[in-house]
Amino acid sequence: MSTVTGYPVEMLMDKPAHVTRMSRSPTGPLWAYLDAAGLLLLIVPNMVTSLALFAQLCGIRIGAGIRTLPLTLEWISAGCAFLWLGILVIGRRPRGRTRAAAAAVGATAVYASTPAAGQIQHPYLQYVALIATLTWLVLEVCRRHGICPRCLGLAPPDARDQRQQALMVGWMSVQAYVPAVLAVVTLPVLLSWWDGAPLLRAPQIDVLGISPDRPLGGVLNLLLCAGVVEDLIVVAGVTAVLTSAAASARVVYATVGLAAAVLHLYLGLPGLVFGISDALRAGLLRRYGRLTPMIMSHLICDIFAFALSGMSFLATLAVGAVLVVAFKTIERLHVSESEELRQNSPDLEISIDAVPLSGGKIRQ
């Protein structure tokens with residue numbers, strides 16, 4: 001039997017036991033489609049920015065009004081996210097602290113998205129506020145349609161023998177980006193005869209506004225754009241909500257691929273290939289339900305890619321190490337006590353069926 005990292009390939013490729021299938025939305029397919037469209041509308045500012053940069057690569061002059069349009073759209077998007085999050089949180093009637101936290105996080109995102117807020121003494125406030133607001137909003141939208149964080153794979157697996165599968169999914173997620181990376185590397189060479197080819201010739205970190213002197217700002221920008229906008233909203237949120245609406249796989253992959261392609265058009269023609277890569281990653285999510293390793297592998301790859309583009313290597317290495325340690329810490333906290341006991345004492349078998357309904361001790 002063939003093995004990968006000491007585990008049978010058949011075990012790695014099977015659907016994990018902890019994953020719950022994304023069932024039909026209790027609110028009906030219409031609301032699921034509307035919520036999926038709402039999630040896509042939240043990233044319209046990112047799409048407009050990418051389209052404007054692509055137009056410049058094509059030699060089209062962009063007026064001053066178009067250049068400032070994304071700033072206005074970001075404020076509108078943050079305001080809509082604030083209202084949407086408040087409605088969803090209040091609708092499920094949680095504790096007062098939860099409602100207050102949702103209001104505080106959303107209001108901070110709206111304030112930080114105003115053009116004036118970015119020019120004062122809080123340069124990282126917008127990144128942190130938007131990351132918190134959009135992440136919470138996606139989870140609330142999925143909760144509304146019966147999709148818990150465990151169904152998305154945000155919580156690491158309980159059983160340690162399933163962790164190799166999580167690593168396998170992360171590696172497969174990296175492989176899904178191989179066509180996009182090849183397009184970024186080879187298309188400028190293949191289209192060298194085309195003087196006006198819409199290709200990004202400047203360093204990517206300059207286009208994204210990432211400064212090597214401010215690695216923290218670059219990391220927060222990366223978390224917002226790659227971790228939240230691309231992975232959590234497009235790949236996870238849209239895929240999960242459309243799946244709960246019983247949409248066909250073609251509709252899900254086409255929607256995710258189109259949105260991802262538009263988001264990466266600032267790279268020029270190679271950006272279109274990212275639509276294929278994210279569609280493949282949406283397929284990984286639908287099959288395995290493991291979002292955490294997909295996000296972690298994406299962030300780590302992007303961080304080291306930016307290190308090769310001019311960011312401080314030591315700072316990048318430190319951030320990558322922090323991400324790995326954070327993931328392992330979260331994973332450790334989610335290991336159940338019974339599984340921990342079983343792993344530490346292989347000879348000890350616990351019979352769950354031996355526990356009487358009226359209480360009693362576990363028979364060993």
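Note that this is a predicted model, so its numbers are computed, not measured. One is the number of the first residue; the rest follow in order along the sequence.
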Any donor-acceptor N/O pair, [X] side chain to [Y] backbone, under 3.5 Å:
X      : Y      : result
His298 : Met294 : no
Thr239 : Ala282 : no
Thr133 : Val105 : yes
Ser277 : Ala176 : yes
Ser50  : Leu265 : yes
Ser77  : Glu74  : no

Within the 4.5 Å heavy-atom criterion, are [X] and [Y] side-chain neighbours or not?
X      : Y      : value
Leu191 : Leu269 : yes
Cys80  : Ile76  : yes
Val48  : Pro70  : yes
Pro293 : Arg290 : yes

What heavy-atom pair brings [X] and [Y] nearest, and what distance separates the two atoms?
X      : Y      : value
Val234 : Ala259 : CG1-CB, 4.1 Å
Thr255 : Val251 : OG1-O, 2.7 Å
Ala36  : Leu242 : CB-CD2, 3.7 Å
Pro188 : Ala183 : CD-O, 3.9 Å
Leu57  : Tyr266 : CD1-O, 3.5 Å
Gly237 : Leu39  : C-CD1, 3.9 Å

Given the rule in the side-chain contact (heavy atoms from CB on, under 4.5 Å) test, do Cys142 and Val138 qualify, once you have shown the distances and angles that lead to the verdict? CA-CA 6 Å; Cys142 291; Val138 172; 4.3 Å; yes

Is there a path from [X] to [Y] through hydrophobic residues (I, L, V, M, F, W, Y) whose side chains come within less than 4.5 Å of each other?
X      : Y      : result
Leu40  : Val256 : yes
Val241 : Val89  : yes
Leu134 : Leu88  : yes
Val128 : Trp136 : yes
Ile147 : Tyr33  : yes

Starting at [atom1] of [X], measure out to [atom2] of [Y] and round the result to the nearest 0.5 Å.
X      : Y      : atom1 : atom2 : result
Gln175 : Arg281 : CD    : CZ    : 13.0 Å
Met47  : Leu41  : CE    : CG    : 8.5 Å
Leu137 : Leu42  : CG    : CG    : 6.0 Å
Leu130 : Leu223 : CG    : CG    : 12.5 Å
Leu199 : Phe54  : CG    : CZ    : 9.0 Å
Leu232 : Leu224 : CG    : CG    : 11.0 Å

Step by step, would you call Met172 with Tyr288 a side-chain contact (heavy atoms from CB on, under 4.5 Å)? CA-CA 11 Å; Met172 294 170 66; Tyr288 297 102; 4.1 Å; yes

May I ask you to decide if the ring planes of His264 and Phe274 are parallel, tilted or perpendicular, using 30° and 60° as cut-offs? parallel

Distance-only polar pair, side chains of His145 and Thr27, donor-acceptor under 3.5 Å: yes

Between Thr243 and Arg286, is any side-chain donor less than 3.5 angstrom from a side-chain acceptor? yes

Could you give me the CA-CA distance, side-chain angles and deciding distance for Tyr253 and Leu280, then say whether side-chain contact (heavy atoms from CB on, under 4.5 Å) is met? CA-CA 8 Å; Tyr253 300 148; Leu280 293 174; over 6 Å; no

Could you walk me through whether Glu140 and Trp84 pass the side-chain contact (heavy atoms from CB on, under 4.5 Å) test, one step at a time? CA-CA 10 Å; Glu140 289 292 340; Trp84 195 1; over 6 Å; no

Only one of Val262, Asn46, Leu263 passes side chain to side chain contact (heavy atoms under 4.5 Å, CB included) with Leu51, and that residue is Val262

